Undergrad: 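Provided herewith is a single structure, encoded as structure tokens, for subsequent inquiry.
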Amino acid sequence: MEFLLGSYRVLDLSEETGWLCGKIFGDLGADVIKIEPVGGDPARNIGPFYRDVPDAEKSLRWFAYNTNKRGITLNIETEEGQGILRRLVETADFIIESFPPGYLDSLGLGYSRLNEINPELIMVSITPFGQSGPYKNYKATDIVAWAMGGMMYISGDPDRPPVRVSVEQACFHAASQAAAAAMIALHWKESGGEGQYIDVSVQECVNIVNFPEMYFWDAAGYLAHRSGARRHHANITQRDVWPCKDGHFGWRLFGGRLGAKTNAALVEWMDEEGMAGFLKEVKDWQTFDLGKMTQEEADKWEEHLIKFFLQHTKSEIFNRAIAKEMHISPGFTPKELLEYEQLVERGFWTQVEYPELNSAIVHPGDFCKFSETPLQRLTRAPLIGEHNEEIYEKELGFSKDETILMRERSVI
């Protein structure tokens, strides 16, 4: 079967910052070789772990973001290791790395040197603040990038300090944007250009994520800030996330034509159950102007609506929304997502076999579907040095004795 990127090879030297970038290439069919330091990537020790047993070979984070990759170990701080990497570069189309700026240059493995070996090479560097500027040598965790990218300022409730999303996000935004940038560079190369170097800043990628918030100043003259489950609209804040009998759902009250159909259908439903109250006083939802509502009025509406929603389940609200074409959507739990009929019908979830665990683990499947070049079938993330023999002996031509000696010298 032919895969979209089946003729390309990727060397993935990245730490967790770039794992998703390599996975995207692997899912698209590229031959992704995950190059770890001797003993394995330190980030393998980050939990959660399979069945809560701490083990470098059982990190669920590693499992999630390193599928469809082959794995080798290589000490690039040794002269032998550097020579091996240069040999691998000869047949590579991409390199993904996330070392501090200047580190690879100090080893003779920077882009300028590798470009001499392979002028068509596309090299992607993902770092907290990029390769230039006064912050280029600063380190950053997810919370630092989330804060300095501006997202933390608008995350959380207004009466307490800002928060970040519980699951790390910053590096995954950067990695996905790095993959997109690499695809653009590939298109340029295939259109007659050459390989090139791509400098990705995690901070800048996070900043791009919150660009819609920047428009509020131009559009309405105010700065977005933390509002919890609420969002600003004109001179009031109102809910985006609403409680119901068995969870939460998403909906925002809009005025005018944008919200007329939903508002009218919702009030009609409330009236059927004797709970519409003062909302029936609105005679024409097409001309309803939310911008004239005071915060006191908005809070009164919210209190009244919540009483109604708490009488109904997500399923009841969603089914009514579908029937009446209302802009309301349920908030799913992870378990509900696994069982959700739409995703099940499309075969989104897939079982990936882990023979060493005597088990299979459910993974998200294809992130897109191509009619002629389907995504590669998921294979589990590699064990530490799992493909050393395959690559060093069968592809690079080292003898068994040579690989044993290199292992003893901590080269591989």
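Everything quoted here is computed from the prediction, not taken from an experiment.
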Undergrad: For R320, is there an ion pair with E272 - N to carboxylate O distance below 4.0 angstrom?
TA: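 Counted as a salt bridge, because a side-chain N and a carboxylate O are separated by less than 4.0 Å.
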Undergrad: Do D246 and T313 have side-chain atoms, one donor and one acceptor, less than 3.5 Å apart?
TA: no
Undergrad: Side chains of E168 and R61, heavy atoms from C-beta outward: is any pair under 4.5 Å?
TA: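 With C-beta onward as the side chain, the pair touches.
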Undergrad: Assess whether salt bridge (Lys or Arg N to Asp or Glu O under 4.0 Å) is satisfied between E36 and K69, documenting all intermediate values.
TA: CA-CA 12 Å; E36 303 180 65; K69 301 179 184 180; over 6 Å; no
Undergrad: State whether F278 and K300 meet the cation-pi test: NZ (Lys) or CZ (Arg) under 6.0 Å from the six-membered ring centroid, and within 45° of the perpendicular axis.
TA: yes
Undergrad: Less than 3.5 Å apart, any donor N or O on the side chain of T127 or K136 sitting next to an acceptor on the other?
TA: no
Undergrad: Output every pair passing ring-ring contact (aromatic ring centres under 6.0 Å, His included) with a member in residues 14-35, not counting sequence neighbours, ordered by first then second residue.
TA: W19-W62, F25-F94
Undergrad: Give a yes-or-no answer on whether the side chains of T287 and D284 include a donor-acceptor pair shorter than 3.5 Å.
TA: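 Their side chains do contain a donor-acceptor pair, which is all the 3.5 Å distance test asks for.
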Undergrad: A side-chain contact here means heavy atoms from C-beta on lying under 4.5 Å apart; do K245 and E316 qualify?
TA: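 No; the side chains remain at least 4.5 Å from each other.
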Undergrad: Any side-chain donor paired with an acceptor under 3.5 Å for T73 and N388?
TA: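 There is such a pair between these side chains.
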Undergrad: More than 12 heavy atoms of other residues, nucleotides or ligands under 6.0 Å from CZ of R70: is that the case?
TA: yes
Undergrad: Taking atom types as modelled and ignoring hydrogens, do the side chains of E77 and Y103 form a donor-acceptor contact shorter than 3.5 angstrom?
TA: yes
Undergrad: Applying ring pair (Phe, Tyr, Trp, His ring centres under 6.0 Å), run through F172 and W146 and close with a yes or a no.
TA: CA-CA 11 Å; F172 299 133; W146 203 244; over 10 Å; no
Undergrad: Quick one: side chains of residues 254-269, donor-acceptor pairs under 3.5 Å with protein atoms, not counting sequence neighbours, listed by atom name and distance.
TA:
residue : atom : partner : partner atom : Å
K261    : NZ   : E325    : OE1          : 2.3
T262    : OG1  : H327    : N            : 2.9
N263    : ND2  : F254    : O            : 2.8
N263    : ND2  : G259    : O            : 3.1
W269    : NE1  : E273    : OE2          : 3.0

Undergrad: State whether a side-chain donor-acceptor pair under 3.5 Å links Y197 with S112.
TA: no
Undergrad: With no hydrogens and no angle check, do the side chains of D299 and Q295 hold a donor and an acceptor under 3.5 Å apart?
TA: yes
Undergrad: Decide if the gap between the ring center of F308 and the ring center of H304 is smaller than 6.0 angstrom.
TA: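 Not close enough - the centres of the two rings lie 6.0 Å or further apart.
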Undergrad: Show your reasoning for whether ring pair (Phe, Tyr, Trp, His ring centres under 6.0 Å) applies to F318 and F249.
TA: CA-CA 9 Å; F318 188 41; F249 65 92; over 10 Å; no
Undergrad: For S14 and E97, does a side-chain donor sit closer than 3.5 Å to a side-chain acceptor?
TA: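 No, no side-chain donor-acceptor contact under 3.5 Å.
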Undergrad: List, one per line, each side-chain donor-acceptor pair under 3.5 Å for residues 186-193, sequence neighbours excluded.
TA:
residue : atom : partner : partner atom : Å
K189    : NZ   : E120    : O            : 3.2
E190    : OE2  : Y8      : OH           : 3.1
S191    : OG   : H187    : O            : 2.7

